[in-house]
Amino acid sequence: MAEKIDINKLPKKALRDTYGEVLVELGKIDPEMVVLDADLSESTRTHKFHVAYPDRFFNAGIAEQNLIGIAAGLAYTGRTVYASSFAIFIAGRPWEIIRQQIAYNKLNVKLVASHGGVSVGQDGASHQMNEDVSLMRTLPNMNVIVPADSVEMEKVLKKVHWIKEPFYIRMGREKFPVILPENYEFELGKGYVLKEGKDVSVIACGVMVSMALQAAYELEDEGIDVEVINMSSIKPIDKDLIIQTAKKTGAVVTSEEHSIIGGLGSAVAEVLAENYPTILVRHGVEDRFGISGPAWEVMEELGLSVSGLKKKIKEALTKKVR
Amino acid sequence: MRDIQELKEIARELRIDIITMVYNAQSGHPGGSLSAIDILTVLYFGGFLRYDPKNPWWENRDRFILSKGHASPALYSVLAKAGYIPKEELSTYRKIKGFAPDGYSRLQGHPAWQGNKHGVPGAEASTGSLGQGLSVAIGQALSGRLANKDYKVYVMLGDGEVQEGMTWEAAMFAGHHKLDNLIAILDNNNLQIDGDVRQIVNIHPLKEKYEAFGWHVIEIDGHDYQQIIDAFTQANQIKGKPIMIVAHTVKGKGVSFMENNFKWHGVAPSKEEYEIAIQELTSGGV
């Protein structure tokens, strides 16, 4: 069993800070790479690339449809293109252009979204994107990654940079606890077992992975043995691992900072329903819009907390016993 | 370089191909293909577009993007004439089977990029969902400028198409970046599916709008060969601004009963209509 930790005492880092740093590193080794933003480059951290390589950075202004069209045009000529904005603006507003240009033609464009989910906080429901994974996952050719922490963010970028396909990579605004070891290796289409357990499985992505670990450690004291899986690769998804953990524990909880409709919960439900029907509880944003407030208070209010997740784990165990 | 009479003969042949493709498929868009074909003929066969049909991925080629992708019969007839695809492939337009590696057609209802698994050689972007081609052309023009390549990017928009807000985001961006390797053509045939563009949502005046966005605008009769030639010649000399050629055209040009009738936007001719159309195109003066 892994060493028991308290996630509140771990170092924290925003994934977007890592994004900005890694872009600069990649820009040095890949002269064909270009980066685009839509007037949010300070927030998404693409401004670091802008400072380092001003010729290879383009700001579309507040015009996300044109942003995606230009990204496609650059990729048609063989360049590796990064395009960033808040999740609501890059996955929502220009979705149809992403479909027609980037997904349909399998273009080498990495859509890297910051400010995903309700932890956007005080900007409120208008800016809290809880539907992006759903929108992106349904597109043919599109890969969808939701990294758990800054370590994984770096590993993901350095791996997928060289895969000439479309990617949607989703980050939150806030600093997330760093839970993965430096020697962690990201593999596309593979989940990662962070803690083994036999009573119930939690399959999580993004910041909910750290909360799942914390919930698991706390439930140990109540005699509940939770398996925790980081499923950052939502498309392609690790079908084998999902079936394997379901067979082992007989009850699955999915956990994500996203609507329970269409995201990780739905992806896992699809795999289980078709291959190994298992008790399943989806933990995430219910079918509703968010509210304004400090990030972690909004998360708590909507149940996206360690205590909220523990309730869902117990619900799954109750269903399993019945 | 071919003279105007030769170019007109080519356009006559391409018009017959367009009508035949739409008739064979019993589906497609003849009106906007016929309004565009004279301009495309001059661009591809009048010595303006730099291309090599044997090497469709040649890095220094000029690009042409048909943003008004429903005029795909015009593009496909040109690509066959230019030698990108065999002429017999035109019969696979809008059909299931065709010449793609997996056995499906490469002549989709709306063009697919040549790198797409169902794309056609010579198509520089997937288009048809209106409003996107200008932004894509900008991306390609920026890429060329960044790599110090001297290729030009041509893009053709429809007049109804510029009702899409995205085209104005793109117009603003191209003007801001002074993209003089970008040459847009607006096929102003005055009609969209539901009727007269001026009555549905008026887009005019165009010249003043694009000039206000920082473009060099040239207005021509899109069926007058000398004017088309002069416009492309001038467009290639302009420095420091993107170029917009507003071409006034006739929807359905060349087939009497299709001309200026919005009902022929996306309808295939019957057998009788097809025969009349071919008769007119074969016997008519050019």
Side-chain angles (χ1 to χ4, degrees), chain A residues 27 30-39 49-50 53-83 85 89 93-109 111 139-141 164-166, chain B residues 56-61 63-65 67 69 108 110-119 123-149 151 153 155 164-177 179 181-182 213:
Chain A
D30 185 355
E32 287 299 303
M33 168 184 170
V34 290
V35 176
L36 281 69
D37 206 298
D39 196 42
F49 186 92
H50 185 190
Y53 312 103
D55 294 349
R56 290 191 277 143
F57 176 86
F58 299 102
N59 199 327
I62 309 165
E64 294 80 12
Q65 300 179 69
N66 191 40
L67 171 83
I68 298 299
I70 292 175
L74 286 156
Y76 278 128
T77 66
R79 292 183 182 277
T80 300
V81 184
Y82 287 77
S85 183
F89 304 128
R93 189 147 191 150
W95 182 86
E96 194 255 358
I97 303 145
I98 295 171
R99 178 190 185 275
Q100 308 289 6
Q101 301 300 334
I102 294 168
Y104 183 34
N105 300 300
K106 215 173 182 178
L107 295 180
N108 186 13
V109 177
L111 303 167
L139 292 172
N141 295 333
K164 292 181 183 293
E165 291 182 14
Chain B
W57 294 101
W58 175 35
E59 278 194 18
N60 290 318
R61 71 193 184 279
R63 274 80 171 162
F64 171 71
I65 295 171
S67 191
Q108 296 290 305
H110 296 83
W113 173 53
Q114 61 178 350
N116 186 300
K117 70 183 203 177
H118 299 134
E124 297 287 0
S126 291
T127 55
S129 174
L130 294 176
Q132 302 181 12
L134 186 56
S135 300
V136 170
I138 288 170
Q140 297 186 357
L142 280 177
S143 194
R145 180 193 270 188
L146 204 52
N148 286 317
K149 293 191 188 304
Y151 67 74
V153 184
V155 54
E164 286 282 4
M166 182 182 177
T167 66
W168 298 100
E169 296 179 4
M172 197 184 301
F173 186 98
H176 176 86
H177 286 273
L179 282 173
N181 55 348
L182 177 68
F213 279 79

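Proteins come first, then strands; the chains are lettered A, B, ... in the order of their sequence lines, and each starts at number 1.
- Note that CZ of F58(A) is 8.0 Å distant from OG of S143(B), once rounded to the nearest 0.5 Å.
- Looking at V81(A), there are no atoms closer than 4.5 Å to chain B (heavy atoms on both sides), in backbone or side chain.
- The choice from T167(B), L146(B), V153(B), L134(B) that makes the most heavy-atom pairs within less than 4.5 Å of chain A is L146(B).
- For the pair S135(B) and N66(A), the tightest heavy-atom approach, listed with the atom from each and the gap, is OG-OD1, 2.6 Å.
- Taking chain A as the reference chain and counting heavy-atom pairs below 4.5 Å, the highest number among A137(B), A125(B), G131(B), G128(B) is found for A125(B).
- To the nearest 0.5 Å, atoms NE2 (H177(B)) and CD1 (I70(A)) are separated by 7.0 Å.
- Contacts between N141(A) and chain B at a heavy-atom distance below 4.5 Å are absent for every atom of the residue.
- Of all the listed residues (E64(A), K106(A), R56(A), E96(A)), the one sharing the greatest number of non-hydrogen pairs under 4.5 Å with chain B is E96(A).
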Start with the C-alpha gap between Q132(B) and Q101(A), add the side-chain angles, then the distance that decides, and say whether side chain to side chain donor-acceptor pair (under 3.5 Å) holds.
CA-CA 9 Å; Q132(B) 302 181 12; Q101(A) 301 300 334; 2.9 Å; yes
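- Judged as a salt bridge (Lys or Arg N to Asp or Glu O under 4.0 Å), and not counting sequence neighbours, the contacts of R79(A) are E32(A).
- A donor-acceptor pair under 3.5 Å is absent between the side-chain atoms of Q100(A) and the main chain of S129(B), judged by distance alone.
- Interface remark: L107(A) contributes side-chain atoms only to the contact with chain B (heavy atom separation under 4.5 Å).
- Residues that satisfy the salt bridge (Lys or Arg N to Asp or Glu O under 4.0 Å) test with K149(B), not counting sequence neighbours, are E59(B).
- A pairwise comparison of heavy atoms in Y104(A) and A112(B) identifies OH-CB, 3.6 Å as the closest pair.
- Heavy-atom neighbours of R93(A) CZ from other residues, nucleotides or ligands within 6.0 Å: at or below the threshold of 12.
- Two residues are said to be in side-chain contact when any heavy atoms from C-beta on lie closer than 4.5 Å; Y151(B) and T77(A) meet this criterion.
- When the candidates I65(B), L142(B), T127(B) are compared by the number of heavy-atom contacts under 4.5 Å with chain A, L142(B) comes out ahead.
- Neither the backbone nor the side chain of A141(B) comes within contact range of chain A, judged by heavy atoms closer than 4.5 Å.
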